[in-house]
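Please read the structure below before turning to the comments.
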Amino acid sequence: MGIGIIGIGKHVPEKVLTNLDLEKIMDTSDEWIRTRTGIEERRIAADDVDTSDMAFIAAQNAIADAGLTSEDIDLILVATVTPDQPFPTVSCMLQEKLGCSNAAAMDLSAACAGFMYGIITAKQFIETGAYRNILVVGAEKLSKITDWNDRNTAVLFGDGAGAVVIGSVSEGRGILSFELGADGTGGKFLYQDEYIMMNGREVFKFAVRKMGDSSVNVIEKAGLTKEDVDFLIPHQANIRIMESSRQRLELPEEKMSKTIQKYGNTSSASIPLSLFDELEARKIKDDDIIVMVGFGGGLTWGAIAIKWGK
Ligand code: UT7
């Protein structure tokens, strides 16, 4: 049997904040944001909605999509840098809200690469036979740690949640290879003080290098070549970084997921949100080879090659 994604769900807040809205509150322009980042609008959660609320809806949908019930979930992993509070964790809050009475629960912190770390952690537990079905959620309310007086960061981020269930799939399908990595020496380039602090240029250079390298590495580890890749789902941080990964894999434009224009950078939620939307748009079909790749604060990175289908 393979180990893969057997269900998916998402949730984004209703409130849309456009570049034009931002023009009114800070010294920026729609033109600058579009051309430098690819972002047109982002979703912002209401004051009384926190990360766990968005995670809950996404998770509920993922469990239903997998054809499972809450009791079938053995472990809940929530990747987030914006938990409701340090503890109890978002995963424990979900365990209660979802009624996953048989599940262990923990949060996992690897910033924007968190979803990749979550998927790969889940894979290990299933591979050893310890667990069968694992809920992996990427959920962020970044608006609560955004400095709305800092145009360098405020235009980039958005709120949202994506969730998948990892379980058994047919032989030959599922996760084929992975790479995870970290470089703590770059921690100073992207961190949270009270708000998100970032050296954009340094993070940009790191991202271009690591997104490209780790995408190529997972393809090679899976015994495949660039020509075998059907679709790329990169972390949605900046269209120029995403484009460089696409070019590294020599893929045409239509074979890369692009949701940054509508959600901005949602950190750990960006890859599952993109996956959800591409499945809905029927751009991914069974047996497609997909590369998912992310990077983030830490600095961290992670990638997988996966053969789609149950
Ligand atoms: O998930 C990981 C999260 N982080 C990232 O992925 C960030 C990676 N880095 C980036 O995406 C880019 O570096 C940014 C989008 C953050 C910035 O783009 P850039 O092309 O590297 O611009 P820059 O920082 O070199 O700034 C160019 C100019 C500066 O003005 P001067 O010094 O040339 O006069 C900035 O002050 O653009 C100015 N600027 C802005 N102008 C209008 C910076 N932010 C804005 C803004 N609106 N929002």
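Numbers for residues simply follow the sequence, beginning at 1. Ligands are counted one by one from 1 in listed order, and the atoms in each one are counted from 1 as well. What you see is a predicted model; the values in this text were computed from it and never measured.
- Note that CD1 of I76 and CE of M93 are 12.0 Å apart. Values are rounded to the nearest 0.5 Å.
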Give one line per pair: atom of ligand 1, protein atom, distance. Only N/O to N/O under 3.5 Å.
{"unit_1": "ligand 1", "atom_1": "1 (O)", "unit_2": "H235", "atom_2": "NE2", "d": "2.9"}
{"unit_1": "ligand 1", "atom_1": "1 (O)", "unit_2": "N265", "atom_2": "ND2", "d": "2.8"}
{"unit_1": "ligand 1", "atom_1": "9 (N)", "unit_2": "G200", "atom_2": "O", "d": "3.0"}
{"unit_1": "ligand 1", "atom_1": "11 (O)", "unit_2": "N238", "atom_2": "ND2", "d": "2.7"}
{"unit_1": "ligand 1", "atom_1": "13 (O)", "unit_2": "G200", "atom_2": "O", "d": "3.2"}
{"unit_1": "ligand 1", "atom_1": "18 (O)", "unit_2": "R240", "atom_2": "NH2", "d": "3.4"}
{"unit_1": "ligand 1", "atom_1": "20 (O)", "unit_2": "R36", "atom_2": "NH1", "d": "2.7"}
{"unit_1": "ligand 1", "atom_1": "20 (O)", "unit_2": "R240", "atom_2": "NH2", "d": "3.0"}
{"unit_1": "ligand 1", "atom_1": "22 (O)", "unit_2": "R36", "atom_2": "NH1", "d": "3.3"}
{"unit_1": "ligand 1", "atom_1": "25 (O)", "unit_2": "R201", "atom_2": "NE", "d": "2.5"}
{"unit_1": "ligand 1", "atom_1": "25 (O)", "unit_2": "R201", "atom_2": "NH2", "d": "2.6"}
{"unit_1": "ligand 1", "atom_1": "36 (O)", "unit_2": "R151", "atom_2": "NH2", "d": "2.9"}
{"unit_1": "ligand 1", "atom_1": "37 (O)", "unit_2": "W32", "atom_2": "NE1", "d": "3.2"}
{"unit_1": "ligand 1", "atom_1": "41 (N)", "unit_2": "W32", "atom_2": "NE1", "d": "3.4"}
{"unit_1": "ligand 1", "atom_1": "41 (N)", "unit_2": "R151", "atom_2": "NH1", "d": "3.4"}
{"unit_1": "ligand 1", "atom_1": "47 (N)", "unit_2": "T28", "atom_2": "OG1", "d": "2.6"}
{"unit_1": "ligand 1", "atom_1": "48 (N)", "unit_2": "T28", "atom_2": "OG1", "d": "3.1"}
{"unit_1": "ligand 1", "atom_1": "48 (N)", "unit_2": "R151", "atom_2": "O", "d": "3.0"}

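- The pair E243-R246 meets the salt-bridge criterion, since a charged nitrogen lies less than 4.0 angstrom from a carboxylate oxygen.
- Ion pairing between R34 and E40 holds under the 4.0 Å rule for side-chain N and carboxylate O.
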Side-chain donor-acceptor distances from residues 158-167 under 3.5 Å, at least two apart:
{"unit_1": "D159", "atom_1": "OD1", "unit_2": "L142", "atom_2": "N", "d": "2.8"}
{"unit_1": "D159", "atom_1": "OD1", "unit_2": "S143", "atom_2": "N", "d": "2.9"}
{"unit_1": "D159", "atom_1": "OD1", "unit_2": "S143", "atom_2": "OG", "d": "3.4"}
{"unit_1": "D159", "atom_1": "OD2", "unit_2": "A45", "atom_2": "N", "d": "2.8"}
{"unit_1": "D159", "atom_1": "OD2", "unit_2": "S143", "atom_2": "OG", "d": "2.7"}

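- Without hydrogens or angle criteria, N133 side chain to D72 main chain gives a donor-acceptor distance under 3.5 Å.
- Ion pairing between K10 and D277 holds under the 4.0 Å rule for side-chain N and carboxylate O.
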